[in-house]
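All of these numbers come straight from a predicted model, not from anything done at the bench.
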Amino acid sequence: QHYYITNNLSNNQTMSTDKADVFLGSSDAKDDLEVDGSKLEAGKGELKSSKIAPVSMNTWTRRDELNMWKNVMVIGFGFMFLFTAFQNMAALQSSLNPSDGIGVYTLAIIYATIILSCFFLPTIFIKTLKVKLSLVVCQAMYTLYIAAQFYPKWGTLIPSSILLGLAAAPMWSAKCTYLSQMGTYVAKVKGTSSEVLINRFFGIFFCMFQTWGIWGNIVTATVLAPKSDWMEPDAAGLAQCGANFKVVHDVVAQVTEGGEVEEAGVAKEQVYMLAGIYLVFAIIGPTIIFFFLDPLSKYGEDERKEQKGKSGVQLLMATFSHFAKNKYQMLIMPITIWSGLEQGWFGASFTAAFITCPIGVHNIGYIIIVYASTDAICSFLFGWILKRIGRIPVFLMAAVFNMSVILILLHWTPTVEHKAYLYLFAILWGMGDAVWQTQINAFYGVIFPGQEEPAFSNYRLWESLGFLAAYLIGNNIVLSTFMWILVGWLSVSFVGYIIIEVLEYKRTGHYSIYLCDGGKTTAVEQDH
């Protein structure tokens, strides 16, 4: 970059640009000046630099503030559009593509591939393409999986699932890196708590992100509306639903009034329309990010240690080293896996066993709308609540919600007459998921500062393992057994989280809560 100096500027003046503050020398200066490693040659008034400098700490303006929030919103909208397509198609796989378990197995392949990509691809993508372009390219790779729904066979779903899995880890790492780096940098500029700012970023992001269930399921409910009266399963059929459900061996099909049997009671024309709408949504996501997101270089991307990069083998070793040498990473691993387990269970097992089987696939959209709306609202509210009551009560509340739903469903058989209860369970599960999605992400950013890429690579690794386990276990055993596994794992996960909080208390002698004073959020350390 070249910054030209006009003759009417005197020695040692500073000129603000939209890229950086540049220390200026006049045209009659006798000595060369060094500015951030770049030479300003005497008498030439020209700064030669190979990189875009970050926003100056001395010139933070209202415009910079608006741009910061604009970037959070752009990432939120990009992921909202993309996952409106992906998450809704994924939630329907166990119902629309049940033959030989192909739908759920492709989801398992996605998350198995994510596990591999966590080791090798995030740093490679981010180092080569930078954070912004990594988001764009990786999101574009998701569109192939949506396109494969027009012809859902092993030969189309498997390759597209693998490509999606390869893209997922670097995409999520890039997102987490962008928000964490921007939050850390801006907090230094403004002299505020980075933990508070990062929590806000993730809360707003997930509030927007979780609305995928609202928009997508409005589409799903409209497109999959039954063409004729749907016939409720008889008593023998209902006995195989709920906790007694087993995906691979049960026929997920409904009989229309005319006697025609279709998978999940859905016509091919409806599937094609659904896939077409979601493909458009998937394309809009990366397009928004490409045109409207500022490069992370504006927030010190080039100053990050990770920019030096690692090879795939080095990242693999670094990932395991980060896990093996960091007791916090080992302790937070179970609850990270739980995040994947609970999402995978709800998206595949719950929808197939408690919705499609007893009351029909056309009800999935309505119930998921309630779930996603709750998730989105609570993603924002719980960040606000956490600042007042602390992290532990919020995590405990999420665990209680999840545990209560599982234990009730273990002893309850759904019917058309009582489907209203399913909306209640969706609300409770959405409240719990809102905590796990926002606060675990934010917790990683707080306890692993300066280690965003390896830390979030670990996050995606263990969460993806949770998804993989949910799809493989749920696809091959009776659902009640799987649900008891969930009860046990949630218990272990919460204990691990509590140990981290106890260790932090012992290390610092206090814990942190967040209060709002006159509209300004401040961190308050409260001694025991």
Side-chain angles (χ1 to χ4, degrees), residues 70-93 96-97 103 106-107 109-111 113-114 117 121 125-126 128-153 155-175 178 205-224 268-295 347 365 368-369 372 376:
K70 181 265 295 182
N71 290 325
V72 176
M73 299 288 285
V74 167
I75 293 177
F77 275 118
F79 275 75
M80 180 197 74
F81 275 103
L82 180 68
F83 280 81
T84 292
F86 171 67
Q87 291 281 56
N88 283 283
M89 289 306 302
L92 292 168
Q93 290 305 298
L96 296 183
N97 298 313
T106 56
L107 296 177
I109 290 171
I110 287 173
Y111 289 98
T113 310
I114 289 176
S117 71
L121 296 183
F125 264 79
I126 293 172
T128 305
L129 302 177
K130 301 294 185 181
V131 170
K132 175 181 175 178
L133 195 55
S134 294
L135 286 170
V136 174
V137 172
C138 291
Q139 287 204 357
M141 293 170 69
Y142 270 67
T143 61
L144 299 176
Y145 180 77
I146 308 301
Q149 303 301 319
F150 287 100
Y151 189 72
K153 304 295 181 182
T156 57
L157 289 176
I158 300 303
S160 61
S161 298
I162 292 173
L163 289 174
L164 190 155
L166 292 174
M171 180 191 70
W172 282 99
S173 291
K175 182 273 297 182
Y178 194 104
F205 168 80
F206 279 104
C207 179
M208 299 177 66
F209 170 76
Q210 295 295 357
T211 62
W212 63 261
I214 301 174
W215 322 123
N217 283 288
I218 289 175
V219 174
T220 297
T222 302
V223 174
L224 297 185
K268 289 295 183 183
E269 292 78 10
Q270 291 173 292
V271 176
Y272 294 153
M273 181 179 293
L274 199 64
I277 294 172
Y278 285 149
L279 183 59
V280 172
F281 273 75
I283 293 172
I284 291 175
T287 302
I288 290 175
I289 290 178
F290 180 79
F291 285 107
F292 298 106
L293 184 68
D294 290 334
I368 300 298
I369 286 173

Main chain of Ile114, side chain of Ser117: is a donor-acceptor contact present, judged purely on distance under 3.5 Å?
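Such a contact is found between Ser117 side chain and Ile114 backbone.
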
Kindly list each side-chain donor-acceptor pair under 3.5 angstrom involving residues 133-141, sequence neighbours excluded, with atom names and distances?
| residue | atom | partner | partner atom | Å |
| --- | --- | --- | --- | --- |
| Ser134 | OG | Phe125 | O | 3.1 |
| Ser134 | OG | Lys130 | O | 2.7 |

Out of curiosity, [X] [atom1] to [Y] [atom2], how far, rounded to the nearest 0.5 Å?
{"X": "Thr287", "Y": "Phe292", "atom1": "OG1", "atom2": "CZ", "value": "10.0 Å"}
{"X": "Asn71", "Y": "Ile289", "atom1": "CG", "atom2": "CD1", "value": "10.5 Å"}
{"X": "Met273", "Y": "Leu224", "atom1": "CE", "atom2": "CG", "value": "10.5 Å"}

Worksheet item: Does OH in Tyr151 sit with more than 12 non-hydrogen atoms of other residues, nucleotides or ligands closer than 6.0 Å?
Response: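 No, not enclosed.
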
Search all heavy atoms of [X] against all heavy atoms of [Y] and return the closest pair with its distance.
{"X": "Thr106", "Y": "Ser161", "value": "CB-OG, 3.5 Å"}
{"X": "Ala148", "Y": "Leu157", "value": "CB-CD2, 3.9 Å"}
{"X": "Val271", "Y": "Gln149", "value": "CG1-O, 4.1 Å"}
{"X": "Thr222", "Y": "Ile218", "value": "OG1-O, 2.7 Å"}

Tell me, do [X] and [Y] make a side-chain contact under 4.5 Å, heavy atoms counted?
{"X": "Leu274", "Y": "Leu92", "result": "yes"}
{"X": "Ile146", "Y": "Phe281", "result": "no"}
{"X": "Phe77", "Y": "Met80", "result": "yes"}
{"X": "Val223", "Y": "Ile277", "result": "yes"}
{"X": "Leu82", "Y": "Met171", "result": "yes"}
{"X": "Tyr178", "Y": "Leu293", "result": "yes"}
{"X": "Met208", "Y": "Phe79", "result": "no"}

[X]: side-chain contact (heavy atoms from CB on, under 4.5 Å) partners, not counting sequence neighbours:
{"X": "Thr113", "result": "Ile109, Ile162, Leu166"}
{"X": "Ala147", "result": "Leu279"}
{"X": "Ala90", "result": "Phe86, Leu107"}

Residues at least two apart in sequence or cross-chain that pass side-chain hydrogen bond (donor to acceptor under 3.5 Å, both in side chains) with Thr211, listed by chain then number, are Trp215

### Message
So, using side-chain hydrogen bond (donor to acceptor under 3.5 Å, both in side chains) as the criterion, who are the partners of Trp172 when residues are at least two apart?
### Response
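Trp172 satisfies side-chain hydrogen bond (donor to acceptor under 3.5 Å, both in side chains) with no other residue.
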
Notebook entry, point to check: So which pairs with a foot in residues 77-92 pass side chain to side chain donor-acceptor pair (under 3.5 Å), sequence neighbours left out?
Noted result: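 Of all non-adjacent pairs touching residues 77-92, those that pass side chain to side chain donor-acceptor pair (under 3.5 Å) are Asn88-Asn217.
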
Set of ring-ring contact (aromatic ring centres under 6.0 Å, His included) partners for [X], sequence neighbours left out:
{"X": "Phe206", "value": "Phe209"}
{"X": "Phe290", "value": "none"}
{"X": "Tyr278", "value": "none"}

query: Which pairs count as salt bridge (charged side-chain N to carboxylate O under 4.0 Å, His left out) when at least one residue sits in residues 70-80, sequence neighbours excluded?
result: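 The answer is Lys70-Asp294.
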
Residues in salt bridge (charged side-chain N to carboxylate O under 4.0 Å, His left out) with Lys153, at least two apart?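 If we apply the salt bridge (charged side-chain N to carboxylate O under 4.0 Å, His left out) test to Lys153, skipping adjacent residues, there are no hits.
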
Passing option when Leu144 is tested against Thr156, Leu163, Leu164 for side chain to side chain contact (heavy atoms under 4.5 Å, CB included):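 Exactly one option meets the side chain to side chain contact (heavy atoms under 4.5 Å, CB included) with Leu144, and it is Leu163.
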
